[in-house]
Novice: 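A single structure is presented below for examination.
Residue numbers begin at 1 in each chain, while the letters A, B, ... track the order of the sequences. The structure presented is a predicted model; accordingly, all values stated were derived computationally and were not measured. What's counted below: heavy atoms across the whole structure, side chains too, no hydrogens, waters or symmetry copies.
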Amino acid sequence: MNGTSRSHTLVAMVADHPGVLTRVASMFRRRGFNIASLAVGNCEEPGYSRMTIEVRGTDDEVKQFEKQLYKLVEVITVRDLTDVSAVQTETALVRVRVSAADRPVLADIAGIFHGEIVDVGRDTMIVQITGVSETIDRFLDVIAEYGIDELTRTGVVAMARGSKAARNGSARG
Amino acid sequence: MTATESNGSTNGAVPARSGGQVICEAILAEDIDVIFGMPGGASLPFYDALYHYQDRIRHVLARHEQGAGFAANGYARATGKVGVATSTSGPGATNLVTSMANDHMDSVPVVYITGQVARPAIGSDAFQETDITGISIPITKHNYLVMHADELPRVMAEAFYLAKSGRPGPVVVDVPKDVFLEETTVPAPDRVNLRGYRPVRAGNLKMVRRAAEVINASERPMIMAGHGVDISRAAPELFEMATGGNIPVVTTLHGVGGFPETHPLSFGMLGMHGLAYANFAMGETDCIIGLGVRFDDRAVGKVDEFGPNAKVVHIDVDPAEIGKVLDTEVPIVGDLKLTLQALNPLIEHRERRPWMAQLNEWRENHPSLDIPDSPDTVLPQEVVRSIYDASGGDARVIADVGQNQMWASQHFWYEKPRRFFSAGGLGPMGYALPAAMGVQMGAPGEPVWCVTGDGGLLINIQEFNTLAAEKIPVKVAILNNAHLGMIRQWQQFFYDGRYMGAFLDNPDFAKVAEAFGLRGVSVSSRDELHTAIADAHAYDGPVVLDVHVDRVENVYPMIVPGTGVRSVIEDPR
């Protein structure tokens with residue numbers, strides 16, 4: 001019952017019922033799991049949603065978390081993508097305080113990180129940046145000296161590589 | 001709700017029924033003949049439906065919704081059916097919360113039908129409006145707010161199926177007042193099909209073979225049997241495994257009776273107030289065979305000293321329990337009965353003479369259950385022994401929470417499952433009296449004894465009224481020590497005798513019982529005790545025995561919290 005704590009990425013397919021997010025969030029909180037991010041949206045099947053959950057913990061703790069998630073009647077499948085080949089990405093919107101003179105510099109930096117300037121105000125700019133979380137972290141670090149006025153991140157969404165049929169052991173049966 | 005999960009097949013349209021009728025029909029389809037509840041504004045239409053079903057569904061009016069909930073728990077545990085409790089919205093529903101949490105901790109199947117304010121009023125902070133589905137999420141297996149009568153046939157079928165299948169538990173069905181009245185022509189589904197819920201059946205065969213290898217190779221195995229033995233009706237298979245393999249058995253509080261306690265292979269209950277030798281065994285075993293257990297902290301104590309050199313074979317229907325507390329050598333997710341049926345033929349009979357000699361030496365030298373001499377006072381243990389003697393050991397005993405619970409588990413030898421009932425996980429004082437009501441309704445004609453402390457009795461004493469009105473012949477033995485006894489014991493042990501909030505200034509319970517229309521008897525000597533218990537046992541109505549017991553008797557053995565199974569405090573006398 002030990003091991004080192006690290007970040008895990010879990011993907012769950014859940015019924016699109018009222019209250020399902022409350023059930024999942026309630027279980028997180030009650031069992032003391034430390035959720036780093038949670039993203040929910042429609043999926044390929046009508047009536048169901050897909051959640052991507054980033055949770056910190058030892059492998060044993062996260063296994064327990066996965067089992068508790070499975071126990072919720074409206075949770076259909078859960079998969080831990082941490083150690084499998086998967087695409088992981090998130091998007092951030094950052095409003096940076098920036099003078100007219102500094103705009104070109106900031107635009108350059110955003111460009112290097114494949115960010116996009118989606119709004120320019122008198123003394124601010126909004127940058128939209130999409131990528132793995134570490135890239136966004138590095139971008140934020142680089143522009144910190146200009147002053148971040150507001151930041152919002154979507155949380156990670158993730159998907160395993162390869163076809164569903166090629167994978168094994170994801171559905172409970 | 002969407003239609004995506006309602007893919008159970010149906011029979012085509014049927015005549016229109018109200019939502020209330022649909023619920024009554026669903027109750028009947030489960031072969032449930034008694035439900036417990038208290039009406040209110042939002043549930044009046046349901047009561048109007050019940051009015052028309054009263055020849056087939058007996059409604060027992062509890063005097064507090066918590067009493068209704070605990071009674072439904074007792075009924076479910078006594079019968080193996082699903083219990084049903086009902087209340088109105090708001091305070092009615094919140095009064096059921098403790099009972100829901102209790103069912104959830106103890107894996108007891110109860111369906112709660114709660115009234116809700118009418119649909120147009122939901123979300124408006126209407127009179128007696130409470131979000132009971134929101135409140136009950138962490139303390140139920142599942143819950144529903146039913147917004148259309150057309151959903152009710154499916155929801156009721158799912159609710160009963162969820163409650164009783166897999167690891168059982170409570171399910172709340174919250175029904176707005178106008179949905180009870182709304183009509184539907186949707187039939188009940190033939191079967192339930194929940195995509196996200198597929199309880200496992202028999203355990204994986206490869207793991208079963210591995211379990212047999214580990215068990216057969218062990219020199220000092222112990223079976224630890226829990227509530228799953230009763231839930232899965234696996235007592236015969238447990239008996240076969242223990243006797244077939246010559247493997248000794250300890251039980252958890254909820255496992256009591258899963259294996260006959262007078263059998264030579266029975267080493268009693270383990271845990272904080274378990275028998276010394278049961279706990280010693282768990283310290284020294286080299287193979288823990290956990291059957292339908294969750295390795296609760298009250299049973300295990302300090303994890304590091306619990307079978308530190310043991311390989312763990314764990315069979316449970318709930319995958320989340322496996323590996324939760326102990327590192328598990330052989331995890332098997334499966335129904336216990338089916339899994340043991342596969343495992344038992346692979347278990348070899350082995351003598352294991354040194355281990356058996358060691359266990360019997362501990363049992364000889366640490367008897368744990370001797371009742372000391374007490375010339376001037378009646379000891380509470382004697383009350384339990386007296387019930388054992390008077391009933392020939394075949395009473396159903398429902399304990400409350402605290403000292404009485406431990407004595408009731410220790411000083412009676414339970415030979416069968418469903419003879420000892422107790423609220424083990426949540427530990428709600430006030431459980432015993434209403435639960436005994438439910439057990440008696442589920443086991444008519446059988447002797448049912450409620451063993452309670454004075455403190456716990458007062459929490460739901462209003463149910464004396466229900467016993468009298470419904471003529472439910474429960475025998476109540478109050479172990480009256482004028483204290484919250486376990487509080488007093490802990491303050492003596494761990495707070496240097498600084499007693500705070502532990503003393504009870506009780507009423508005369510015999511008179512209280514008489515005022516409620518029950519037979520009430522006050523007992524304060526040993527001679528009176530045996531006569532009063534024998535008389536109560538022979539009487540065909542409800543009786544309350546107010547037994548004035550020694551005020552400062554402690555429960556032994558005791559493992560101090562945070563210490564291990566070898567650090568047992570045995571009776572210092």
Side-chain angles (χ1 to χ4, degrees), chain A residues 1-3 10-33 40 42-51 55 57-80 164 168-173, chain B residues 1-7 101 104 122-123 131-147 151 155 158-159 161-163 165-167 169 171-172 174 192 194-201 295 303-304 312 316-328 331 333:
Chain A
M1 303 287 102
N2 48 34
L10 276 71
V11 172
M13 185 172 164
V14 304
D16 182 15
H17 288 175
V20 69
L21 186 59
T22 315
R23 292 180 202 280
V24 171
S26 168
M27 192 278 289
F28 292 166
R29 182 195 49 76
R30 183 170 95 74
R31 298 203 179 262
F33 293 113
V40 197
N42 292 341
C43 71
E44 72 281 4
E45 268 194 73
Y48 294 90
S49 310
R50 187 159 274 117
M51 291 182 177
V55 56
T58 65
D59 290 0
D60 281 344
E61 285 165 354
V62 174
K63 193 77 202 159
Q64 174 65 204
F65 172 80
E66 204 180 320
K67 288 172 173 178
Q68 294 294 347
L69 204 52
Y70 258 144
K71 279 178 70 168
L72 301 177
V73 171
E74 287 158 331
V75 172
I76 312 299
T77 57
V78 184
R79 192 161 190 234
D80 188 344
K164 250 200 231 181
N168 49 15
S170 68
R172 177 166 44 161
Chain B
M1 301 278 159
T2 64
T4 48
E5 298 226 331
S6 60
N7 43 5
H104 194 52
I122 289 178
D131 173 18
I132 193 62
T133 44
I135 288 171
S136 62
I137 283 174
I139 51 167
T140 53
K141 188 167 172 183
H142 196 49
N143 64 25
Y144 296 89
L145 169 62
V146 185
M147 290 300 277
E151 295 169 5
V155 166
E158 288 178 5
Y161 176 67
L162 285 167
S165 61
R167 179 176 180 176
V171 178
V172 172
D174 195 29
V192 170
L194 287 163
R195 186 174 171 189
Y197 179 77
R198 300 266 193 276
V200 286
R201 302 285 291 154
F295 296 111
V303 172
D304 298 344
V312 177
D316 200 275
V317 76
D318 182 356
E321 290 303 341
I322 291 181
K324 188 179 86 173
V325 178
L326 301 180
D327 286 322
T328 306
V333 179

Novice: Using the test salt bridge (charged side-chain N to carboxylate O under 4.0 Å, His left out), find all partners of B:Arg167 that sit at least two apart in sequence or belong to another chain.
Specialist: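 Per chain and number, B:Arg167 pairs via salt bridge (charged side-chain N to carboxylate O under 4.0 Å, His left out) with B:Asp318, B:Glu321.
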Novice: Nearest 0.5 Å, what's the NZ-CZ distance between B:Lys324 and A:Arg31?
Specialist: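 CZ of A:Arg31 is found 6.0 Å from NZ of B:Lys324.
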Novice: Restricting to non-hydrogen atoms, name the atom on B:Ala320 and the atom on A:Gln64 that form the minimum distance, rounded to 0.1 Å.
Specialist: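 Nearest pair, atom of B:Ala320 first, then A:Gln64: O-NE2, 3.0 Å.
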Novice: Can you name the closest pair of heavy atoms from A:Lys67 and B:Ile322 and give their distance?
Specialist: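 It is NZ-O, 2.7 Å.
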Novice: Crowded around A:Lys63 NZ? As in, over 12 foreign heavy atoms under 6.0 Å?
Specialist: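 Not buried by this count: 12 neighbours or fewer within 6.0 Å.
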Novice: Once you round to the nearest 0.5 Å, how far does OH of B:Tyr197 lie from CD of A:Glu74?
Specialist: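 Here the rounded value is 13.5 Å.
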Novice: Is A:Glu45 close to chain B through its backbone or its side chain, or both, or neither, when contacts mean heavy atoms under 4.5 Å?
Specialist: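 Interface part for A:Glu45: side chain.
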Novice: List the atom of B:Asn143, the atom of A:Arg23, and the distance in Å for their closest heavy-atom pair.
Specialist: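 In terms of heavy atoms, the two residues are closest at OD1-NH2, 2.8 Å.
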Novice: Walk me through whether A:Arg30 and B:Ile139 qualify under side-chain contact (heavy atoms from CB on, under 4.5 Å).
Specialist: CA-CA 10 Å; A:Arg30 183 170 95 74; B:Ile139 51 167; over 6 Å; no
